[in-house]
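Below, each value reflects all heavy atoms present in this structure, side chains not excepted, and no hydrogens, waters or symmetry copies. Within every chain, numbering begins at 1; the chains are lettered A, B, ... in the order of the sequence lines, protein sequences first and strands thereafter.
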Amino acid sequence: MKYWLLKSEPDTFSITDLKARPRRTEHWDGVRNYQARNYIREMQKGDHAFFYHSSCAEPGVVGTVTVVSDPYPDFTAFDPHNPHYDPKSTPDHPRWFMVDVRHDKTFRNTVGLQQLKECRELTGFALLNRGNRLSIMPVTASQWRFINSLAGEGA
DNA sequence: GCCAACGTTGGC
DNA sequence: GCCAACGTTGGC
């Protein structure tokens, strides 16, 4: 089982939105970056991920989700009316993939980006790498436990 | 295959 | 809104 971090702008789709979905589950669509796509293809049902809010007043890790599907083609790429439409991705030869994620928990307090930066334990954490703009990145088991402990939620 | 131009991300 | 950083595009 692996661990991940998923970024989203809360104005577009927040952890509260996910929790409000039927079965607290939604597909994680719209990833259009090859490196992030490759991470999605490594995901397996049962993996866990942090939900990260970006481009907002308080950027940081706001909770956790569970991956509840294996990767499958991102059908929003096939829809000419979708903002993430990509004519080069077809049902026969899909270029982009997604998984379904289910809300697990919302932290009582956001673990802020600033707080993460101050932790020696998180040296090397992908999120903190200079200039990192990836919307999906891997998290190690020890990083997973540590950030959960920062949230005061155990792991 | 190089690289300049352009678009996007995301913290501040 | 600014700007650094990075990815993508497209001419050559």
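Distance alone, capped at 3.5 Å, is enough to place a donor-acceptor pair between the Ser8(A) side chain and the Phe13(A) backbone.
Among residues two or more places apart in sequence or in another chain, the side-chain hydrogen bond (donor to acceptor under 3.5 Å, both in side chains) test is passed with Asp86(A) by Trp96(A).
Ion pairing between Asp74(A) and Arg37(A) fails under the 4.0 Å rule for side-chain N and carboxylate O.
Checked by atom type, the side-chain pair Thr66(A)/His48(A) shows a donor-acceptor distance below 3.5 Å.
Cluster membership for Leu122(A) and Met137(A), using ILVMFWY side-chain heavy atoms within less than 4.5 angstrom, is shared.
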Considering only nitrogen or oxygen atoms on both sides, find all protein atoms under 3.5 Å from nucleotides 2-10 of chain B and state each distance.
from, atom 1, to, atom 2, distance (Å)
dT8(B), O2, Arg133(A), NH1, 2.4
dG10(B), OP1, Lys7(A), NZ, 2.7
dG10(B), OP1, Arg133(A), O, 3.0

